[in-house]
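See structure below.
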Amino acid sequence: MEIETIPVGWIRTNCYVAFDPDTRQAFIVDPGDTAARILAFVEKNKLHVSHILLTHSHFDHILALADVQAATGARVCVHELEAGCIEAPDHAETRSLRMPDLYIKPAKVDQKLHDGDVLALPGGDFVVLHTPGHTRGSVCFDNGEVLFSGDTLFESDCGRTDLPGGSVLDMQESLRRLYHLSGDRVVYPGHDVSTTLARERITNVDMLRAVQA
Ligand SMILES: [Zn+2]
Ligand SMILES: [Zn+2]
């Protein structure tokens, strides 16, 4: 599996395009903005996108969702707790972030995810890990080698817990869960650089605090 990182939008959210170089089958994680750039990569590499996975429903992870869905026909997958915000975007959220003019196009959710669901994707089966704390329906996608961690786990950091639906205690529980996954993973977070789980287990103060709590 190859993974292309496309930083999008003014918060530089990481949109990922993961694909099998032989079959050209692909999936996209968090189409956060600038659909044209994401679709240009898909087209240039002649990819067939079967799924669009969302780690959560914050605007900076979904702004290009409706356009990318329309262009690819891919199945949109999001945790059941956040499916409502995708189909009827909550503009109170963007107003509270002082972006009253931001308009999020609604998109159809094809699959509501639950903890433990297994998705058959290019690059193998990915397990859905429900990891609340940043939002109630935050998830990570894990295939045993690669972990798409959304805004739950970052390099040397974790997602903020002070937005609506956030919870410090839930975040600690989620970080503990990731810490205790067996083996290492390459971690592809929702923002900033990729890292490894082994590195975060040693250096991530938030994760270490959670494990010791
Ligand atoms: Zn977020
Ligand atoms: Zn984010």
Side-chain angles (χ1 to χ4, degrees), residues 3-18 27-35 37-38 52-68 76-100 102-107 109 112-113 115 128-142 146-175 177-178 187-195 200 204 206-207 210:
I3 298 174
E4 175 77 7
T5 306
I6 306 177
V8 293
W10 55 270
I11 312 182
R12 292 184 66 75
T13 302
N14 289 327
C15 169
Y16 296 106
V17 182
F27 64 95
I28 292 174
V29 181
D30 290 350
D33 206 347
T34 40
R37 265 183 68 206
I38 300 166
I52 300 170
L53 311 183
L54 304 175
T55 60
H56 63 298
S57 62
H58 278 157
F59 76 93
D60 59 307
H61 295 252
I62 63 167
L63 268 179
L65 173 62
D67 290 344
V68 172
V76 172
C77 307
V78 64
H79 191 272
E80 61 169 343
L81 290 173
E82 303 201 2
C85 328
I86 301 299
E87 298 193 318
D90 177 9
H91 288 98
E93 181 206 333
T94 49
R95 272 197 297 277
S96 74
L97 295 168
R98 302 207 183 98
M99 289 171 295
L102 200 63
Y103 176 73
I104 304 169
K105 290 184 195 169
V109 173
K112 294 179 185 173
L113 304 175
D115 187 62
V128 176
L129 306 178
H130 181 208
T131 51
H134 178 62
T135 64
R136 291 197 312 135
S138 280
V139 295
C140 298
F141 300 99
D142 175 34
V146 166
L147 182 81
F148 294 102
S149 63
D151 287 3
T152 299
L153 179 66
F154 299 124
E155 191 259 334
S156 299
D157 205 356
C158 71
R160 54 192 288 189
T161 53
D162 60 331
L163 296 170
S167 156
V168 175
L169 288 178
D170 285 353
M171 177 59 84
Q172 289 189 330
E173 183 63 41
S174 294
L175 292 175
R177 184 174 183 193
L178 297 180
V187 177
Y188 291 92
H191 302 271
D192 302 323
V193 295
S194 53
T195 179
E200 296 311 307
N204 189 308
D206 297 303
M207 185 173 246

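As the structure is a prediction and not an experimental result, all values here were calculated from the model. Whatever order the structure lists them in is the order used to number ligands and atoms, beginning at 1.
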Neighbour count above 12 (heavy atom, 6.0 Å) for Arg177 CZ: yes

Nearby protein N/O/S atoms (those under 2.8 Å) for the Zn ion (ligand 1), with water ignored: His56 NE2, His58 ND1, His134 NE2, Asp151 OD2

Aromatic ring pairing His191/His61, orientation class (parallel under 30°, perpendicular over 60°, tilted between): perpendicular

Backbone N/O of Asp60 and side chain of His58: donor-acceptor pair under 3.5 Å: no

Leu129 vs Leu178 side-chain heavy atoms within contact, under 4.5 Å: yes

Mutual orientation of the aromatic rings belonging to Phe148 and Tyr16 [parallel < 30°, tilted 30-60°, perpendicular > 60°]: tilted

Shortest-distance N/O/S atom, His191 versus the Zn ion (ligand 2): NE2

Worked check of side-chain contact (heavy atoms from CB on, under 4.5 Å) between Phe59 and Leu102: CA-CA 9 Å; Phe59 76 93; Leu102 200 63; 3.3 Å; yes

